[in-house]
Amino acid sequence: MHRFYLPSADCTGNMMRLDGREAHHALHVLRLERGERVTVLDGAGNEFLCDVENASRHLLVLAVKGKKTAPALPCSITLLVAIPKGKIIESIIQKSVELGVARIVPLLTERVVTQVDGEGAEHKREKWQQIAIAAIKQCGAPWLPRIEAPQTISGFLARNEKIELPLVGSLQTERRHPRAYFQEFHGQHGRLPHSAGVWIGPEGDFTLAELKAIQDSGALPITLGDLTLRVETATVYCLSILNYELAAPTC
C-alpha cells in the first residue's frame, strides 16, 4: 500500500486533500485512480487508511476509512552529527529515521568541509526535512523527526538544553561502553532516560577543544570499538545501541 505524508493540521475531518509534490507523485508517477486504497502519515503518530475519492490533474481527494495512533517513543533521541562530505548526510538522515530519532542536529565543526550560513543553512534544512519525510513514507514510521539547520557546537551548547543521558563518541582513552552509563542511570533513577543524545564527530573526530566543550556540557564519552568508523557507520552503530538499551531490561 502506498504511503503519503500530510501535516497533522491538514488531517482533519473525513476527507483529505493531497496537492503539490505528494499529489504529483500519486497522480503522475503511481497513477492512482478512484477507489484505490492508500495510507497517509501525519508525522505526529497518526496513520490514516484512505480510499481515493477523486483524482484530478493536480489534486487527490481522499476519504478516510480508518485511523491508527502510535504513542510517542518513551525516550526522545537527539542525534548531533558532524556534516560529512558530499551527500552522505542524506543517508544518515534516512537511517536515523528508521532507527527512531526524534531530532537531528547537523553540526559545523572545525574539521567539517561543508560550510553554510544564513539562507543557505535554512535551504539545506528544508531539503533534509524532505528527505526525512520520504524516509517515514518508505519505512512507515509514525513520527517525523525534526531536522534543524546546521549549526556550530558552541551555538548548540549555548541553548543549555537538558538531555537526561547525553553521550559522545570518542577516540580518546577515557571512554566507556554505553551500557555502563545506562546501568548507572537506571541505578540512580530507577528507570530508563526519557531523553538521550549522541554526538558523532567528523572524519578525524572532534578536536580536543571541541570534545572538551561537549564533555563539559555533561556528555559522557563512549567507545565505538577498536576500529575507526566512518561518520555514517558510527551513527548507525550508536543509534542501534541506544535502541537496544532503551528496549532491553537493565540488568
Side-chain angles (χ1 to χ4, degrees), residues 1-79 81 87 89-106 116 118-151 159 161 194-195 239 243:
M1 191 179 302
H2 300 295
R3 300 188 186 101
F4 297 92
Y5 168 74
L6 196 62
S8 56
D10 298 326
C11 295
T12 58
N14 296 322
M15 305 296 289
M16 295 182 184
R17 295 158 59 94
L18 294 182
D19 54 17
R21 76 175 71 215
E22 293 291 278
H24 175 81
H25 183 68
L27 295 167
H28 304 294
V29 179
L30 302 176
R31 300 188 181 280
L32 296 182
E33 299 178 350
R34 179 183 172 86
E36 293 192 67
R37 180 149 290 188
V38 300
T39 296
V40 174
L41 303 171
D42 72 349
N46 298 306
E47 178 180 332
F48 300 88
L49 191 65
C50 304
D51 287 345
V52 176
E53 184 75 12
N54 184 38
S56 62
R57 183 171 178 80
H58 303 293
L59 180 68
L60 200 70
V61 179
L62 305 174
V64 178
K65 299 299 181 180
K67 174 184 176 182
K68 293 192 298 183
T69 299
L73 294 176
C75 180
S76 175
I77 299 175
T78 295
L79 170 67
V81 59
K87 297 184 177 182
I89 186 66
E90 298 181 8
S91 176
I92 288 175
I93 292 171
Q94 292 167 347
K95 302 307 178 187
S96 299
V97 170
E98 294 176 31
L99 290 169
V101 299
R103 178 177 57 159
I104 300 174
V105 183
V116 293
E119 186 176 323
E122 180 57 24
H123 174 75
K124 285 188 175 294
R125 189 206 67 78
E126 292 175 355
K127 176 183 177 182
W128 294 337
Q129 190 69 66
Q130 288 300 320
I131 291 171
I133 288 173
I136 69 166
K137 290 161 56 179
Q138 182 275 321
C139 69
W143 292 90
L144 175 66
R146 177 163 57 93
I147 314 298
E148 295 198 1
Q151 59 191 278
R159 290 153 53 171
E161 290 194 15
H194 296 315
S195 63
L239 293 179
N243 271 271

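Here the structure is a predicted model, which is why all the values come from computation and not from measurement.
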Straight-line distance of L79 CG to L99 CG, nearest 0.5 Å:
10.0 Å
Check: E47 and P142 side chains under 4.5 Å, non-hydrogen atoms
no
Nearest atoms (heavy-atom pairs only) where M1 meets R37
CG-O, 3.5 Å
A side-chain contact here means heavy atoms from C-beta on lying under 4.5 Å apart; do C11 and M16 qualify?
yes
Which pairs would a plain distance check flag for residues 124-134, meaning a side-chain donor or acceptor within less than 3.5 Å of a matching protein atom at least two apart in sequence or in another chain?
from : atom 1 : to   : atom 2 : distance (Å)
R125 : NE     : E122 : OE1    : 3.3
R125 : NE     : E122 : OE2    : 3.1
R125 : NH2    : E122 : OE2    : 3.1
K127 : NZ     : E90  : OE2    : 3.3
Q129 : OE1    : I147 : N      : 3.0
Q129 : NE2    : P145 : O      : 2.9

Check the surroundings of atom CZ in R159: do more than 12 heavy atoms from other residues, nucleotides or ligands lie under 6.0 Å from it?
yes
How close do A121 and A149 get, counting heavy atoms only, and between which atoms?
O-CB, 4.0 Å
When you compare the side chain of L239 with that of V101, does any pair of heavy atoms fall below 4.5 Å?
yes
Return the minimal non-hydrogen interatomic distance between A9 and T12, and the atom names on each side.
O-CG2, 3.9 Å
Can a salt bridge be assigned to the pair E36 and R34 using a cut-off of 4.0 Å between side-chain N and carboxylate O?
no
Check whether any side-chain N or O of D42 sits under 3.5 Å from a backbone N or O of N46 as a donor-acceptor pair, and report yes or no.
yes
Point-to-point distance, once rounded to the nearest 0.5 Å, from NE2 of H2 to SG of C50:
14.0 Å
Contact check, side chains of V81 and I89, non-hydrogen atoms, under 4.5 Å
yes
For D10 and R17, what are the C-alpha separation, side-chain angles and deciding distance, and is it a side-chain contact (heavy atoms from CB on, under 4.5 Å)?
CA-CA 8 Å; D10 298 326; R17 295 158 59 94; over 6 Å; no
As a quick check of understanding, evaluate side-chain contact (heavy atoms from CB on, under 4.5 Å) for C139 and E98, giving each step before the final call.
CA-CA 7 Å; C139 69; E98 294 176 31; 4.2 Å; yes
Please examine the side chains of V52 and L60, heavy atoms only from C-beta on, and report whether any two atoms are closer than 4.5 Å.
yes
Is the side chain of E22 donor-acceptor paired with the backbone N or O of Y5 at a distance under 3.5 Å, no angle test?
yes
Closest non-hydrogen atom pair between E148 and P106, with its separation:
O-CD, 3.2 Å
How would you list all residue pairs meeting ring-ring contact (aromatic ring centres under 6.0 Å, His included) that involve residues 21-69, not counting sequence neighbours?
H24-H28
Note: I136 and G43 closest approach over all heavy atoms is CD1-CA, 4.4 Å
How long is the span from the CZ atom in R103 to the OG1 atom in T78, to the nearest 0.5 Å?
3.5 Å
Is V64 close to L49 at the side-chain level, that is, under 4.5 Å between some pair of heavy atoms?
no
Within the side chain of R3, is there an N or O that forms a donor-acceptor pair under 3.5 Å with the backbone of T39?
no
Of all heavy-atom pairs linking L27 and L32, the shortest is CD2-O, 4.4 Å
Could you walk me through whether Q138 and Q94 pass the side-chain contact (heavy atoms from CB on, under 4.5 Å) test, one step at a time?
CA-CA 9 Å; Q138 182 275 321; Q94 292 167 347; over 6 Å; no
Could you tell me whether the side chain of W143 reaches within less than 4.5 Å of the side chain of L41, counting heavy atoms only?
no
E53 side, atom CD; L62 side, atom CG - distance, nearest 0.5 Å:
9.0 Å
Would you say CZ of R21 has more than 12 non-hydrogen atoms from neighbouring residues, nucleotides or ligands within 6.0 angstrom?
no
